[in-house]
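What follows is a short report on a single structure.
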Amino acid sequence: MPDLNGAVTEQDQQRVWAALDKFRIEIPSWGFANTGTRFGKFSQPAAASTIEEKFADAAQVNALTGVSSTMALHVLWDLPSGKSDIPKIQQLERTYGIRSGSINPNLFQDQEYKYGSICNPSAEIRGNALSHLLDSVEIGRALNSRDVSMWVSDGSNYPGTQSIRRRIEYMEEVLAATHAALGPDQRMLVEYKPFEPAFYHTDIADWGMALELARRAGPKAKVLVDTGHHLQGTNIEQIVAWLLHLNALGGFHFNDRKFADDDLTLGSIDPYQVFRIFHEILSDTTTNFNDIAFMIDQSHNLKGKVEAMVQTVATAQELYAKAALVDHAKLAELQKSCSLVEAEETFREAFWTDVRPIVRAWRQSHNLPANPLTALAESGYVEKISQERSAKNAASVSSYA
Ligand code: RM4
Ligand code: MN
Ligand code: MN
């Protein structure tokens, strides 16, 4: 633990390095593509519009950070022809040295999902959603990807218009059938979100619902915590502590928020919260660390996409390194004796310590650039892809109207 002047000992440094050695974070393919708000879309010259471009961008992020060798895929956007796109993805994996990460089925864009997908009152539509989920499981298995990560956008906008309870039963049925199809090394992650796109009721609105659905689906189903999917003031680290306690934490979608599902850069609004979440994980001795999938779920409209992704990975490492500085033995003693100020100061001391020199040294020891953002600027990569892709991106924006 750093002393009161913030000096970091040799031992602290070793602890942080050991923690960084284990830390990996997955990047989302959709973080490189043009996206917009519900009011419009601002096209970026460097945005990726093909799956190959997304792989190329992911490879660049990984070359600079060394900790992001998997990319989450969205089935509809990245494998538009479904299972027949698997060989193409495998080829790209070989070319770019990036492996497929979590597989994200899409249950929200098809016209027939207007009133829901796996909760739709129509058995036929639920059946179509299930067959997409089963395809996603197969895709995941073929790509050696562990997690099928499900976000269910279903819900309703007006009281009395849907049976909340019937929809729970519909969901349970589809999730159980999906779980039954999982291979021995596959898992299902159940994500929750309090509102949007539905505003009256969302079928999986919080971690309690996600947990119970995961439990009923089967032992390979776990809960996915998207840090942006909580109401104001929610104590997210407490949810994380509970999920760890129940052996039900599957992983994270990291981003930050000010109001709702804003998809802002991890730690940009509240870095202390991310530190507190990492602390819960690092102070847990019962969970297998590899069972927690750390993933980014951000899609930037204003920031450059590759720059934002590199910035996010670096921020995650820094906040994680701060959490690794906490002296657990000392903190446990202080908690036991209810030495509140001392306990809090022990916690805060780690948070306020500037760990960037340690993280930089760790990177250099792994032949990585000490500052990946500066290295990205010096590489000229963004200028290069801007030139290559700008005409295509300019053309695509006019078709958005
Ligand atoms: C949702 C949710 C999902 C993500 C989509 C694109 O809000 O966070 O995880 O896949 O957005
Ligand atoms: Mn998410
Ligand atoms: Mn989201």
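Heads up: numbering here begins at 1 and tracks the sequence. We count ligands from 1, going down the list as the structure has it; atoms in each ligand are counted the same way. This structure is a prediction, so every number in the text was calculated from the model and none was measured.
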For M71, the option from S100, S29, S102 that meets side chain to side chain contact (heavy atoms under 4.5 Å, CB included): S29
Kindly assign one of parallel, tilted or perpendicular to the pair F199 and F195, based on the angle between their ring planes and the thresholds 30° and 60°. tilted
Of F278, F289, W362, which is the lone residue that meets ring-ring contact (aromatic ring centres under 6.0 Å, His included) with F23? F278
Heteroatom proximity flag, H229 to ligand 1, N/O under 3.5 Å: yes
Vertex the Mn ion (ligand 2): angle to ND1 of H253 and OE2 of E191, to 10°? 100°
Member of F347, Y272, F351, Y320 meeting the ring-ring contact (aromatic ring centres under 6.0 Å, His included) criterion with H279: F347
Hey, which atoms in ligand 1 end up nearer than 4.0 Å to a heavy atom of D226? 8 (O)
Between E26 and R99, does at least one N-O distance fall below 4.0 Å, as a salt bridge requires? no
Any N/O/S atom, backbone or side chain, of D226 lying under 2.8 Å from the Mn ion (ligand 2)? yes
Rounding to 0.5 Å, atoms OG1 (T315) and CZ (F254) come to a distance of 12.0 Å
Taking the side chain from H201 and the backbone from S156, do they hold a donor-acceptor pair closer than 3.5 Å? yes
closest protein heavy atom to atom 5 (C) of ligand 1 is W151 CE3, 4.0 Å
Answer yes or no for H229: is there an N/O/S atom below the 2.8 Å cut-off from the Mn ion (ligand 2)? no
Have a look at D297 and say which of its N, O or S atoms is nearest the Mn ion (ligand 2). OD2
Report the nearest protein non-hydrogen atom to atom 4 (C) of ligand 1: residue, atom name, distance rounded to 0.1 Å. D297 OD2, 3.4 Å
In terms of side-chain geometry, is the basic nitrogen of E388 or K384 positioned less than 4.0 Å from the acidic oxygen of its partner? yes
Which protein heavy atom lies closest to atom 10 (O) of ligand 1, and at what distance to 0.1 Å? H74 NE2, 3.1 Å
On the 0 to 90° scale, with breaks at 30° and 60°, tag the H230-Y192 ring pair as parallel, tilted or perpendicular. perpendicular
Nearest to atom 2 (C) of ligand 1, what protein heavy atom do you find, and at what distance? E191 OE2, 3.4 Å
Closest approach of any protein heavy atom to atom 7 (O) of ligand 1, naming residue and atom: D261 OD2, 2.8 Å
Just which atoms of ligand 1 are under 4.0 Å from any heavy atom in H253? 9 (O)
Give the numbers and elements of all ligand 1 atoms closer than 4.0 Å to a heavy atom of K193. 7 (O)
